[in-house]
2 protein chains.
Amino acid sequence: MTPSNIDVWRIALAQIDPTVGDLDGNVDRIRKATLCARQAGASLVAFPELAVTGYPPEDLLLKVSFIEAARDALLDLLDVAPEIVLVVGIPWVDNGVLYNGAAVLAGGEVVAVVPKHHLPTYGVFDEDRYFARGDLTYRFLWGPLRFGVTICEDIWYPVGPASSLAATGIDLIININGSPYHRGKWMQRQTMLQTRASDAGCYLAYVNMVGGQDELVFDGNSLVLGPDGEVLAHAASFDEDLLVVDIAVDAVLSSWLHDPRRRWLATSDDTATMVVHDREVRLPLPDQTLPPIPEELRQLRVPLDGPAEIYAALVTGVRDYVRKTGFRTAVIGLSGGIDSSLTACIAADALGPENVTGLAMPSRYSSAASLEDAQQLASALGIRFHVVPIEPVHQAFRQVLAPLGNQPELPDVADENLQARIRGTILMTYSNRFGPIVLTTGNKSEMACGYATLYGDMAGGFAVLKDVPKLLVYELARYRNSLSPVIPERVFTKPPSAELRPNQKDVDTLPPFEILDPLLERYVERDASVDDLVREGFDPATVERVIRMVDRAEYKRRQAPPGVKLTPRAFGRDRRLPIANRYHG
Amino acid sequence: MTPSNIDVWRIALAQIDPTVGDLDGNVDRIRKATLCARQAGASLVAFPELAVTGYPPEDLLLKVSFIEAARDALLDLLDVAPEIVLVVGIPWVDNGVLYNGAAVLAGGEVVAVVPKHHLPTYGVFDEDRYFARGDLTYRFLWGPLRFGVTICEDIWYPVGPASSLAATGIDLIININGSPYHRGKWMQRQTMLQTRASDAGCYLAYVNMVGGQDELVFDGNSLVLGPDGEVLAHAASFDEDLLVVDIAVDAVLSSWLHDPRRRWLATSDDTATMVVHDREVRLPLPDQTLPPIPEELRQLRVPLDGPAEIYAALVTGVRDYVRKTGFRTAVIGLSGGIDSSLTACIAADALGPENVTGLAMPSRYSSAASLEDAQQLASALGIRFHVVPIEPVHQAFRQVLAPLGNQPELPDVADENLQARIRGTILMTYSNRFGPIVLTTGNKSEMACGYATLYGDMAGGFAVLKDVPKLLVYELARYRNSLSPVIPERVFTKPPSAELRPNQKDVDTLPPFEILDPLLERYVERDASVDDLVREGFDPATVERVIRMVDRAEYKRRQAPPGVKLTPRAFGRDRRLPIANRYHG
C-alpha cells in the first residue's frame, strides 16, 4: 500500500564534465555529485549520457577491456548513498551486444539498464559504428511515482520510447544527454523539450554534459519542465552545476484531468508503439517534511546568448582541451592582427594570463605598427611576450634553396609559405622545449578558402578560431573589449593582411569578408549550389572562385588541428569532402 | 512464348577506376566499357557500386545539386548501346529519401533501381550517415533468364536479398561492389562468394571497383562463380579489366535437379524472408550463334598475393592519389634509410622515374654512408637527385631561439624535431615552387609510436608507408630488389637510425621491431589489452611503454596525411581514439 500523502519528490540533475577514458576521475565526480544531491535532500540524481566513460568514447568502445573496466566502475557506485536512485550513462553489454545504456541504481542493485533506441550517425555522431539499437522500454515504479529513462536522441523523435511511456502512464521522464553545443542550440532544444513535456503530460528532466572534449563542447543548459511544458529550473551554460527540483505527482494528475488530449493518449492504440516493462524500485519513499531547496540550488538561470555564449564556448573548449590533454600553458604567435589578438584573449581567459606566452616573429615585411599592437595587447592582457625576428632563418633558407633550380621572382607563394613555416617551426620548437601547447590563430573564413599555410600558421595543437568566420572574429573581439579594453583600437580598423610580401592585403586574394562570410555560410553549412548562390544575388565569378578554393582546401583542413565547433556543420569530422573531388558545384 | 533454344547468355563485368565527383569522366568510362562489352557479344554489362559518382562520395551526398547531376549523368547513358542491359551503381532518390542504388537500364529505359539493404558503417564505411536502408528486392525476367541485382554488403549476409532471390528462383545474381582492399581480402571474399553461389544454386557475378581513392585502394579481383561455387572467371588485381563470360540457364536447372538442398530452398518458408518483385526486360533475346569469347577476354587470372599484392596496392594508391588530386610529379626526402628508399621505388614505379625527385638533406649528424646510399639509389632508379645541406638553416634557428630562455644541452628533443621540420619546410618549399607532391616516408611502426615529427618528416601530401610496419618495409624492399636490384645492400644491414643526434639508433627509443611489430599488430588491429599481451608473453614494461606511446601519438596521426590502407584497421578514419584519452588499456 502506498501512503496517499506521498506527493513531492526531490530530484537532482548533475551536469558534470567528464573526461573520455578517465573512468576513475569520472566515477569520482559522480560520487561527489551524488553526495551533494543527497545532502540537498534529493531522492534521485541523474547524470549525463555515458557519464562513466565520457562522450564520445569512439574506438575505446571496441576494447573488451575498456567495456569491462567501465562496468566495474559503475558497480563501484552501488555503495554510494544507497538510499538514493542514481541514473548513470554507461556502455553496457547484454547478450553479447553493446548498447548505449542508462543504468538505474537503487538500494545497492542495478534495477535495470535502459538501452538507447535511436543511434545518431550524422554530423559529429557515429553511434551506429559501435552500438546496437535498443528496443526495450522500462517504467520504474517507486510508490506512487512512475518514471522512465530515455537517452539523448530518443527524445528528439515524436514517436518512440517517450511517447510509449506517456501512453502507458508516467509522471517523470528523465532524458540523459551528451548533446554537443552549436550556436543557439539551447533554444532549439528547449522548444522541442517543451513540446515533448506537454505532449507527454509529465515532468521532463533533461540533464546534459558540460565542458570540452576534443573538438566538441557541451553547453550544459540542463533543465526541468513541467507537465504543461513550462521551464521549472535551468542550469548554467558551460559550467558544472547541480540542479535540484521538487516535482509533484499530483501536478501530473491535475494536468491529465484538465486536458482531453491526455485521455486520448492513454486510451488510443496509436500512441503506445512499444511494450513498456515495469520495474520496481525497492527503496523507502521520500520524506515529505524536507526543508525547502537551498537558495543556491534553486536555479532558473538565463542561458548565455549572443557573443557571450560563443565566447564562453571558445573559452570552455580551449580550457578543457588543454587540461584534458595534459598541458597547462599555451604559446601563440602574435602578429598584431585581429585573429591572434582574439586568440590570446580567449587563451588568457581560459588558462590565466600567467600561463600564456605570445611570440611576435616579425619578418622584413612586417610593419612596425603590427609589432607595437602585439606588444600592447600582451601587456594589457598580462601575458608573457617575446620577439623572435625570423630574418636570419629566412635568409639561410633562401641560401640553401638557391642551387635547386630557376630562381623565382621573390617573394613568390613558396616564399610566403616559407615565412609562415619558419614561424610554425619556431612555435613548435618553443613548445617542445618549454612545454606549452601551440594554439593556432586562423579563422574559419581563411581556413575554408585555404588562405593559410599547412605546417605554417596551421601548425599547432588546437585551432581556437577554426569555426569562427572573420566577421564574427571582429564581433567577439568587440565583445571582449567591452569587458575590459585589451585589444588596441588600431587592430580593428586596419585592413587585414598576412604581411608576407610588401603591401599585401587579404582582399588581394579573397573577396571582402562582407561577401565571403555569407557565401561560405551558404556553401558550407547548407550545401548551396552555384545556381542557388547566383540566384541569391552573389556574383557568379566570385561564387565559382570561392567554391573552387573551398573544395581544393579540403586537404589542408584534413591535416589541421581540432578546434571548437560553433555550427552544425563545421569543418572537421562532420564535413568530409573527398580529397580527390572533381565536383565543384 | 520463350523459344526453348535460348540458353547461353554472355555477360560482362566492367572493373573500372572511377574518380569521386568526376561525373563526366566516370560516365565516359562506363560508355567506353559498354561499347567494348557489346563488341565482345555481351548482352549485359555490370559496373561497380556507385560507379557514376565514384566511391565513397562522402559529403557530396549531402548536396542536392550533386545528386541531381549524378541522375542526369545516368540518364545520359540510356542511349549507349540500347540493345544491352546495363547495371550501374548510382545514388538515387525515391520518394524523398536517398538510397545507394543499382540502376538496371535496358531498351532506353530505367527498368528499376534496386536499393542496397545493408549499409556498412564500420571501418572505412559510413553509409548510415547518408543513405536510407532499402527493403525492395527485384527479379528481372528476360525470356528464360531470371536475374537479380544486389549491392556489396548485401551479399555478406547469409539471409537477405540474395537468399530471397534464390528461394524465389534465380539463374544469376549480380553483386556490384566498392570493396576496399586489405591484405589478403580477396581470399576471404572468394571463400564467402563460393558459399553464397552454392547456397543459392545459381551463377554469381561479382564486379568490384579498382584503383585508389584517397586513402582507399580497390583491388578489383572481380569474378564469376557457377552454381556449384566454382570460379569460372577472374579479373586482374589492381588494374582495370573487362571480364566476359558465357552462362547457361540449363546449368542452373541441372544443379537444382541434382541437389536436394535446392528443392528445400524453393519450397521452405524459412528462406524467402522478403517479397521479390518481378520486372520484365523488354529486349530481344541474345543471339545463340555468337563466336566464342575472344581469347584475351576469357580470363581466369590468378590474384596477386604476398609481397607482390602489397607492393601493387601501394603503387596503385600512390599513382591514383597523385593523379586524382591533379599532381603529376613527386618529391621525396631521401635519407639513405630503408623507408625512404622503398618509398622512392614505389613512387618511381607509380609515376615513372622521370617524375620523381629525391632530396638528400644532410645535417651535422648525417653519416657519409647515408648520403652515398641515397645517391646510389637515386641513380639506380633513374630519378632526379639534389643535395640540400641544412646546417646553415639549423644554425640560424639556434641563433634566433637563443634569447628565449635557459639554453638546453643540445641536441635535445626540440632540436631533433627542429632538424626534421627544417627538412619538411625545404620539401614543402620545393613543392610550392616546382609543383610536385611531397610523399612522406614514415612507416606504420614509427607512426604508431609517435616516433616521428609533426610538420617534419610527417609533412606531405601522401604517406606511402603509413600502413606498412617496419618488418614489412624490409620484406617489400627485398621483393622490389628481386625485380631489379636498386636499393644498396648496406641499407638493409645497417641499424635503423633517425640521425638527429650523434650515434642515435631507433632501438634507443623503441623496442626492437621484431617485438614491436607483433605487439602493435595485436594492440592496434585486435584491441588486445595489457593483460592479453602479457598473457601472450610480451614483457609487461614494454607493453605499458608501447601502449602509452601509441595512445599519446593519436594527435600526431590525426594531423598526418592520408596513406594506403593494407589492413582492416589502419590508422586513419577507421581507427579513432579520442585525443584526450586517459584510458591506456
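We name chains A, B, ... by the order of the sequence lines, and we start the count at 1 in each one. What's counted below: heavy atoms across the whole structure, side chains too, no hydrogens, waters or symmetry copies.
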Using the ring of each side chain (for Trp, its six-membered ring), is Phe66(A) parallel, tilted or perpendicular to Tyr583(B), with breaks at 30° and 60°?
-> perpendicular
Might you point out which heavy atoms bring Phe434(A) and Leu404(B) nearest each other, and give the distance in Å?
-> CZ-O, 4.3 Å
Can you check side chain to side chain contact (heavy atoms under 4.5 Å, CB included) on Tyr321(A) and Ile579(B), steps first, answer last?
-> CA-CA 9 Å; Tyr321(A) 189 85; Ile579(B) 290 175; 3.2 Å; yes
Tested for side chain to side chain contact (heavy atoms under 4.5 Å, CB included) against Phe397(B), the lone hit among Ile390(A), Thr429(A), Ile426(A) is Ile426(A)
Pairwise side-chain contact, Val64(B) with Asp527(A), heavy-atom cut-off 4.5 Å (strictly under) | no
Chain B contacts, top residue of Arg526(A), His394(A), Arg133(A) (heavy-atom pairs, under 4.5 Å) = Arg133(A)
Determine, step by step, whether Arg129(A) and Asp128(B) satisfy the salt bridge (Lys or Arg N to Asp or Glu O under 4.0 Å) criterion, reporting the C-alpha distance in whole Å, the side-chain angles of both residues, the deciding distance to 0.1 Å, and the verdict.
-> CA-CA 9 Å; Arg129(A) 293 178 76 91; Asp128(B) 261 325; over 6 Å; no
What part of Leu23(B) lies closer than 4.5 angstrom to a heavy atom of chain A: side chain, backbone, both or neither?
-> side chain
Which atoms of Asn581(A) approach chain B - backbone, side chain, both or neither, heavy atom under 4.5 Å = both
How long is the gap from CG on Asn432(B) to CG on Asp415(A), to the nearest 0.5 Å?
-> 10.5 Å
Kindly indicate whether the side chain of Ser529(A), heavy atoms from C-beta on, has any atom under 4.5 Å from the side chain of Lys63(B).
-> no
Is a side-chain donor or acceptor of Asp214(A) paired with a backbone partner of Pro578(B) at a separation under 3.5 angstrom?
-> no
Below 4.5 Å from any heavy atom of chain A, which atoms of Pro562(B) appear? Answer side chain, backbone, both or neither.
-> side chain
Exercise: identify the closest heavy-atom pair between Thr19(A) and Ala580(B) = CG2-O, 3.8 Å
Verdict with supporting geometry, Tyr455(A) and Thr425(B), side chain to side chain contact (heavy atoms under 4.5 Å, CB included) | CA-CA 8 Å; Tyr455(A) 324 129; Thr425(B) 299; over 6 Å; no
Quick one: what part of Asp320(A) sits under 4.5 Å from any heavy atom of chain B, side chain, backbone, both or neither?
-> neither
Partner of Asp59(A) under side-chain hydrogen bond (donor to acceptor under 3.5 Å, both in side chains), picked from Arg576(B), Arg575(B), Arg569(B), is Arg569(B)
Flag for Asn26(B)-Arg582(A): side-chain donor and acceptor within less than 3.5 Å | no
Salt bridge check: are Glu409(B) and Arg433(A) linked by an N-O gap of less than 4.0 Å?
-> no
Under 4.5 Å to a heavy atom of chain B? For Glu215(A) that would be side chain
Under 4.5 Å from any heavy atom of chain A - which part of Pro56(B) | backbone
Of all of Leu418(A), Val413(A), Leu401(A), Asp412(A), which one pairs up most often with chain B through heavy atoms under 4.5 Å apart?
-> Asp412(A)
Which bit of Asp24(B) is near chain A, if near means a heavy-atom gap under 4.5 Å: side chain, backbone, both or neither?
-> neither
Cut-off 4.5 Å, heavy atoms of chain A, and the answer for Pro561(B) is both
Looking only at His584(B), Gln399(B), Gln559(B), the option with the highest number of non-hydrogen pairs under 4.5 Å against chain A is Gln559(B)
Quick one: what part of Pro57(A) sits under 4.5 Å from any heavy atom of chain B, side chain, backbone, both or neither?
-> backbone
Select one option (side chain, backbone, both, neither) describing which atoms of Asp22(B) are under 4.5 Å from chain A's heavy atoms.
-> both
For chain A, which of Gly21(B), Ala69(B), Ser431(B) has the most heavy-atom pairs under 4.5 Å?
-> Gly21(B)
Under a 4.5 Å heavy-atom cutoff, which of Leu62(A), Thr357(A), Val387(A) has the most pairs with chain B?
-> Leu62(A)
Heavy-atom proximity to chain A below 4.5 Å, by part of Ala560(B) | backbone
Kindly indicate whether the side chain of Val393(B), heavy atoms from C-beta on, has any atom under 4.5 Å from the side chain of Val393(A).
-> yes
Contact origin within Ile422(B) toward chain A - heavy atom pairs under 4.5 Å | both
Nearest-0.5 Å distance that lies between atom CZ in Arg558(B) and atom CZ in Arg558(A) = 13.5 Å
Partner chain B: residue of Asp126(A), Thr325(A), Asp531(A), Leu454(A) with the largest heavy-atom pair count (under 4.5 Å) = Asp126(A)
Taking atom CZ of Arg522(B) as the centre, does the number of heavy atoms from other residues, nucleotides or ligands within less than 6.0 Å exceed 12?
-> yes
Is it the side chain or the backbone of Met428(A) that comes within 4.5 Å of chain B heavy atoms, both, or neither?
-> both
Using non-hydrogen atoms and a 4.5 Å limit, figure out which bit of Gln213(B) sits close to chain A: side chain, backbone, both or neither.
-> side chain
Which region of Phe125(B), side chain (C-beta onward) or backbone (N, CA, C, O), has a non-hydrogen atom less than 4.5 Å from a non-hydrogen atom of chain A, or is it both or neither?
-> backbone
